[in-house]
Engineer: 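Sharing a structure below in structure tokens format, with a few things to ask.
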Amino acid sequence: MLIGDKLKFLSMLLTLKCVIDDNGEPTDKLSPEVLDFCQQHGVTATNVSEIIAIKEPAIYKAIQEGLERVNARATSNAQKIQKWVILERDFSISGGELGPTMKLRRPIVVKMYQEKINEMYAVEKEN
């Protein structure tokens, strides 16, 4: 989810695609697509928590490189994503982040992850 409305710069909340359990809840287990991505980058992690716990360098670097490619196409600095964070769980209907039609419920996500959002912008305010 892209964040930046009325803020100094753009940032993102990222999720890694997870296996969904029988109740529609996202688990800590990475989906087969993400596992393939990890293996391509020499990472043996199978859970989201493993990647976040050690800020898996290969995965974080791959995401940063992808964002840099996107930012290279931006027409101004205001359109560039400057900070991002990987969340512990994928967005889901049962978690409240998605509505029944799978649309992102932005105000709810902002409220749920306000602390992480504040952390991304706090460092900037100190400078």
Side-chain angles (χ1 to χ4, degrees):
M1 178 175 117
L2 187 66
I3 299 169
D5 191 34
K6 298 182 180 85
L7 295 168
K8 281 187 169 185
F9 57 87
L10 295 180
S11 64
M12 282 189 83
L13 296 177
L14 300 173
T15 63
L16 298 174
K17 191 170 182 182
C18 302
V19 173
I20 304 296
D21 70 13
D22 296 337
N23 301 323
E25 291 277 332
T27 65
D28 191 36
K29 289 196 113 11
L30 296 169
S31 71
E33 301 93 339
V34 179
L35 288 173
D36 287 347
F37 179 81
C38 287
Q39 287 168 353
Q40 288 168 14
H41 289 83
V43 176
T44 58
T46 57
N47 297 325
V48 176
S49 56
E50 291 175 59
I51 290 174
I52 293 173
I54 61 166
K55 288 199 169 189
E56 179 55 60
I59 299 302
Y60 277 69
K61 183 176 183 249
I63 292 170
Q64 185 61 42
E65 287 171 353
L67 284 174
E68 285 168 9
R69 285 193 299 275
V70 170
N71 283 343
R73 289 185 260 155
T75 53
S76 72
N77 280 343
Q79 294 178 340
K80 292 182 179 179
I81 298 161
Q82 296 189 22
K83 295 194 178 187
W84 53 274
V85 65
I86 298 175
L87 302 177
E88 291 82 17
R89 47 178 274 142
D90 203 354
F91 294 149
S92 67
I93 294 172
S94 58
E97 302 96 345
L98 301 175
T101 59
M102 299 299 283
K103 284 187 184 169
L104 191 59
R105 298 163 82 187
R106 295 181 64 82
I108 292 171
V109 173
V110 167
K111 208 173 276 180
M112 288 173 76
Y113 296 102
Q114 191 64 59
E115 198 173 296
K116 291 201 180 290
I117 294 168
N118 290 346
E119 284 173 20
M120 285 192 286
Y121 289 94
V123 178
E124 205 60 29
K125 290 174 188 162
E126 291 170 10
N127 293 341

Engineer: Taking salt bridge (Lys or Arg N to Asp or Glu O under 4.0 Å) as the test, write out the residues that go with E33, two or more places apart.
Structural biologist: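 Expected list: K17.
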
Engineer: With the 4.5 Å side-chain cut-off for hydrophobic clustering, are L13 and M102 part of the same group?
Structural biologist: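 Per the 4.5 Å side-chain linkage, L13 and M102 are co-clustered.
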
Engineer: Please round to the nearest 0.5 Å and tell me the distance separating atom CG of D28 and atom CD1 of I51.
Structural biologist: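 Nearest 0.5 Å value for the CG-CD1 distance: 9.5 Å.
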
Engineer: Any idea which heavy atoms bring S94 and P26 closest together, and the distance?
Structural biologist: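 Answer, listing the atom of S94 first, then P26: OG-CD, 4.4 Å.
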
Engineer: Could you grab the distance from atom CG of L2 to atom OG of S11, nearest 0.5 Å is fine?
Structural biologist: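 Answer for the CG-OG pair, L2 versus S11, is 7.0 Å.
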
Engineer: List in chain and number order the residues that pass side chain to side chain donor-acceptor pair (under 3.5 Å) with R105, two or more places apart in sequence or in another chain; answer none if no residue qualifies.
Structural biologist: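 Expected list: none.
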
Engineer: Give a yes or no on whether F9 and V70 share a hydrophobic cluster (residues Ile, Leu, Val, Met, Phe, Trp, Tyr; joining criterion: side-chain heavy atoms under 4.5 Å apart).
Structural biologist: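 Different clusters.
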
Engineer: Could you tell me which residues satisfy side chain to side chain donor-acceptor pair (under 3.5 Å) with K61, sequence neighbours excluded, listed by chain and number?
Structural biologist: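 For K61 the side chain to side chain donor-acceptor pair (under 3.5 Å) partners, ignoring immediate neighbours, are E65.
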
Engineer: Quick one: side chain to side chain contact (heavy atoms under 4.5 Å, CB included) partners of V110, sequence neighbours excluded?
Structural biologist: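 Side chain to side chain contact (heavy atoms under 4.5 Å, CB included) list for V110, sorted by chain: M1, Q114, I117.
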
Engineer: Using a 3.5 Å distance criterion without hydrogens, assess whether the side chain of Q79 forms a donor-acceptor pair with backbone atoms of T75.
Structural biologist: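 Judged by distance alone, yes, a pair lies under 3.5 Å.
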
Engineer: I'd like to check the salt bridge (Lys or Arg N to Asp or Glu O under 4.0 Å) partners of K116; sequence neighbours left out, ordered by chain and number.
Structural biologist: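 K116: salt bridge (Lys or Arg N to Asp or Glu O under 4.0 Å) contacts with E88.
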
Engineer: Between V85 and L14, is any pair of side-chain heavy atoms under 4.5 Å apart?
Structural biologist: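 No, side chains not in contact.
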
Engineer: Mind checking whether M12 and I108 sit in one hydrophobic cluster, side chains of I, L, V, M, F, W, Y counted as touching below 4.5 Å?
Structural biologist: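 No, it is not one cluster - the side chains of M12 and I108 are not joined through contacts under 4.5 Å.
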
Engineer: Which residues pass the side chain to side chain donor-acceptor pair (under 3.5 Å) test with S76, not counting sequence neighbours?
Structural biologist: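 If we apply the side chain to side chain donor-acceptor pair (under 3.5 Å) test to S76, skipping adjacent residues, there are no hits.
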
Engineer: Please identify which of these residues, L30, I52, D90, L87, meets the side chain to side chain contact (heavy atoms under 4.5 Å, CB included) condition with L16.
Structural biologist: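 Answer to the side chain to side chain contact (heavy atoms under 4.5 Å, CB included) test with L16 among L30, I52, D90, L87: L30.
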
Engineer: How many angstroms lie between CD1 in I59 and CD1 in I63, if you round to the nearest 0.5 Å?
Structural biologist: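 So the CD1 of I59 and the CD1 of I63 are separated by 6.5 Å.
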
Engineer: Test of understanding: with salt bridge (Lys or Arg N to Asp or Glu O under 4.0 Å), list the residues that count as partners of K80, not counting sequence neighbours.
Structural biologist: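 Partners of K80 under the salt bridge (Lys or Arg N to Asp or Glu O under 4.0 Å) test: none.
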
Engineer: If the condition is salt bridge (Lys or Arg N to Asp or Glu O under 4.0 Å), which residues does E56 pass it with, not counting sequence neighbours?
Structural biologist: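 E56 satisfies salt bridge (Lys or Arg N to Asp or Glu O under 4.0 Å) with no other residue.
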
Engineer: Would a distance-only check, ignoring hydrogens and angles, find a side-chain to backbone donor-acceptor pair under 3.5 Å from N23 to E25?
Structural biologist: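 A pair under 3.5 Å: no.
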
Engineer: Sequence neighbours left out, cut at 3.5 Å: what donor-acceptor pairs do the side chains of residues 34-48 make with other protein atoms?
Structural biologist:
unit_1 : atom_1 : unit_2 : atom_2 : d
H41    : ND1    : F37    : O      : 2.9
T46    : OG1    : E50    : OE2    : 3.3
N47    : ND2    : E50    : OE2    : 3.1

Engineer: Which pair of non-hydrogen atoms, one from G95 and one from R89, has the smallest distance, and what is that distance?
Structural biologist: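 Reported closest heavy-atom pair: CA-NH2, 3.2 Å.
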
Engineer: Show every ring pair (Phe, Tyr, Trp, His ring centres under 6.0 Å) that has at least one partner inside residues 76-120, sequence neighbours left out.
Structural biologist: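 Pairs touching residues 76-120 that pass the test: Y60-W84.
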
Engineer: Determine, stepwise, if the pair E97 / S92 fulfils side-chain contact (heavy atoms from CB on, under 4.5 Å).
Structural biologist: CA-CA 6 Å; E97 302 96 345; S92 67; 3.7 Å; yes

Engineer: Are L67 and I86 linked, directly or through intermediate hydrophobic residues, by side-chain heavy-atom contacts shorter than 4.5 Å (ILVMFWY only)?
Structural biologist: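 Cluster IDs for I86 and L67 match.
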
Engineer: Please name all residues satisfying side chain to side chain contact (heavy atoms under 4.5 Å, CB included) with D22, sequence neighbours left out, ordered by chain then number.
Structural biologist: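 Side chain to side chain contact (heavy atoms under 4.5 Å, CB included) list for D22, sorted by chain: empty.
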
Engineer: Please check if the side chain of T27 supplies one atom and the backbone of V19 the other of a donor-acceptor pair under 3.5 Å.
Structural biologist: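 Indeed, once roles are kept as given, a pair shorter than 3.5 Å links the two residues.
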
